[in-house]
Amino acid sequence: MNVLGIETSCDETAAAVVENGQRIRSNTLLSSLKEHQRFGGIIPEIASRKQLEFIQTVVHSALANANLTLNNIDALAVTQRPGLIGSLLVGIAFARSLAYALRKPLIEVDHIQAHLYANFLQKHQPKLPAVGLVASGGHTSLFYIKNFTAIKLIGETRDDALGETYDKVARILELGYPGGPVIDKLARKAKNSHIHFTCAAISDTLDFSFSGIKTAVYYYVRDHGKEKNFSKENIAQSFQKSVIEVVIEKCRRACQHYKAGTLLIGGGVAANSYLREKLTELSEKEKINIYYPPLNLCTDNAAMIAGWGYQLLKKQKRNIS
Ligand code: KG4
Ligand code: ZN
């Protein structure tokens, strides 16, 4: 059972073929990131125009790399939400037309849930129930996953997403876009930063808030900026330490509250080396099995869409074995 997945929610145009929700036969993408970099963030109009330009090539490559033709595709899956509407429209219209022409089932899936599913595209299958954290440029959400059809949102950001905060802090420090990987690297270079930034913890809930710490970094840079009397390395380290500690603590509390022995991580920020270091400590201390996908499946990709689509189609028993 081969599912062709299509993902066009932001600046990546991605297509993949996944067999039985498990074996990745191909996973291709083109990105318009370079076109946005000089603006310091994603420009929706440019992103959707690039989606239109790339979609056909990417789908062709996904089929060719899998050594398959459209005749070998049993079903299609496409990102339905959330995302930039112009970009989403390209993928959805393309997938609907293809499914109609091929007379094959199409499932439209939630991008954030698919990020969590990326953990199931690995050899070692996580055990459910689990707590899931998705942290990317657009979202920061915690879920309780009882099984594939019972996924409950238990916490989310009240303002900026975690990746977005990294990007904005990088912008304040004039480090370019996207900011996450640069700040991650820079923070490693600081010896022992004594700057203190507080990330709001919002006790009694599993929600997050990151806009305050972003503003604190802004004021710090403004106040020390004239004399360039600050170290970007130290700021990066202190900022990162503060936000990641809050994220780790919320994950710990969620696992404890829901008595979950598994924690699934997804989204672009899952690539962060300090987050991974702290998760390893958490895993050892609290005896929680923690999973994160390989780097190419942390960021936006279509394999997670095809895999998750297969599981949902299977539950709906729509013409598939
Ligand atoms: O999941 P993703 O590829 O796209 C969205 O759906 O947003 O995530 C991109 C986000 C960006 O904000 C980027 O700065 C962040 O993930 N990111 C990181 C790292 N690598 C990517 N944030 C922190 N540390 C990293 N190493
Ligand atoms: Zn994403």
Side-chain angles (χ1 to χ4, degrees), residues 5-14 16 27 29-33 36-37 39-44 47 51 78-84 87-88 91 109-119 132-141 143 156-157 159-173 175-189 199 208 210 213-214 236-237 239-248 264-279 292-305 307-308:
I6 295 175
E7 150 65 38
T8 65
S9 64
C10 192
D11 58 324
E12 279 97 5
T13 312
N27 191 18
L29 67 80
L30 283 174
S31 168
S32 61
L33 181 65
H36 307 276
Q37 273 170 329
F39 301 106
I42 303 293
I43 308 296
Q51 295 288 359
V78 66
T79 301
Q80 193 230 359
R81 64 169 298 279
L84 304 173
S87 287
L88 285 168
V109 310
D110 182 290
H111 175 91
I112 307 183
Q113 294 181 352
H115 266 303
L116 292 174
Y117 187 76
N119 288 290
L133 168 77
V134 179
S136 71
H139 2 268
T140 306
S141 313
F143 296 92
E156 64 186 334
T157 182
D159 38 59
D160 294 349
L162 184 53
E164 181 185 2
T165 312
Y166 268 89
D167 296 336
K168 287 179 175 170
V169 166
R171 194 183 176 133
I172 295 167
L173 296 175
L175 296 172
Y177 176 86
V182 199
I183 291 189
D184 192 1
K185 267 198 204 126
L186 211 60
R188 298 252 150 226
K189 291 188 186 154
C199 179
F208 303 94
F210 299 114
I213 190 165
K214 167 200 67 190
Q237 189 181 68
F239 156 74
Q240 174 160 278
K241 189 167 178 288
S242 191
V243 288
I244 298 297
E245 272 169 15
V246 168
V247 171
I248 295 287
L264 308 177
I265 313 290
V269 186
N272 185 271
S273 67
Y274 186 64
L275 174 69
R276 289 186 175 218
E277 192 183 306
K278 288 285 152 192
L279 284 170
Y292 21 69
L295 287 188
N296 66 325
L297 298 179
C298 282
T299 45
D300 288 352
N301 66 88
M304 67 184 193
I305 303 299
W308 183 225

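Every number for a ligand or one of its atoms is a count from 1 in the order of the listing. Keep in mind the model is a prediction, meaning the values are calculated, not measured.
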Identify the closest protein heavy atom to atom 24 (N) of ligand 1: which residue and atom is it, and at what distance?
N272 ND2, 2.9 Å
Close side-chain approach of F143 to I112, heavy-atom, < 4.5 Å
yes
Just to be sure I'm reading this right: ignoring hydrogens, which of L275, I244, V269, V169 gets closest to atom 15 (C) of ligand 1? Compare them by their nearest heavy atoms.
V269
Kindly give the atom name of the N, O or S atom of D300 closest to the Zn ion (ligand 2).
OD1
At what distance, to the nearest 0.5 angstrom, does SG of C10 lie from NE2 of H36?
7.0 Å
Which is the closest N/O/S atom of H111 when seen from the Zn ion (ligand 2)?
NE2
Can D184 and S273 be counted as having a side-chain donor-acceptor contact under 3.5 angstrom?
yes
From atom 20 (N) of ligand 1, work out which of C298, G268, S136, A270 has a heavy atom at the shortest distance.
G268
Please examine the side chains of L29 and T13, heavy atoms only from C-beta on, and report whether any two atoms are closer than 4.5 Å.
no
Identity and distance of the protein heavy atom lying nearest atom 22 (N) of ligand 1
G180 CA, 3.3 Å
Under a 3.5 Å cutoff, is there a donor and acceptor pairing between the side chains of S242 and Q240?
no
Atom 12 (O) of ligand 1 [closest protein heavy-atom partner, distance rounded to 0.1 Å]
D167 OD2, 2.7 Å
So the atoms of ligand 1 within less than 4.0 Å of a heavy atom of H115 turn out to be 1 (O)
Tell me the protein heavy atom at minimum distance from atom 26 (N) of ligand 1, and give that distance in Å.
D184 OD2, 3.0 Å
Using only atom types and a distance under 3.5 Å, with no angle test, would you say the side chain of E277 pairs donor to acceptor with the backbone of Y274?
no
For a 4.5 angstrom cut-off between non-hydrogen side-chain atoms, does Q80 reach V109?
no
If the cut-off is 4.0 Å to any non-hydrogen atom of T299, which atoms of ligand 1 fall inside it?
3 (O)
Would you call P181 a ligand 1 contact, heavy-atom distance under 4.0 Å?
yes
Test side chain to side chain donor-acceptor pair (under 3.5 Å) on T8 and Q51 and set out the steps.
CA-CA 7 Å; T8 65; Q51 295 288 359; 4.6 Å; no
Count the heavy atoms belonging to other residues, nucleotides or ligands that lie under 6.0 Å from CZ of R171, then report whether that count exceeds 12.
no
I need the minimum non-hydrogen distance between Y117 and M304, along with the two atoms involved.
CD2-O, 4.1 Å
Quick check on contacts: which atoms of ligand 1 are under 4.0 angstrom from a heavy atom of P178?
14 (O)
Quick note on ligand 1: atoms under 4.0 Å from a heavy atom of G138 include exactly 7 (O)
Could you tell me which atoms of ligand 1, counted from 1 in the order shown, lie closer than 4.0 angstrom to a heavy atom of G137?
5 (C), 7 (O), 8 (O), 9 (C), 10 (C), 12 (O)
Taking both backbone and side-chain atoms into account, decide whether H115 has an N/O/S atom under 2.8 Å from the Zn ion (ligand 2).
yes
Among I42, V134, D300, L33, closest by any non-hydrogen atom to atom 3 (O) of ligand 1:
D300
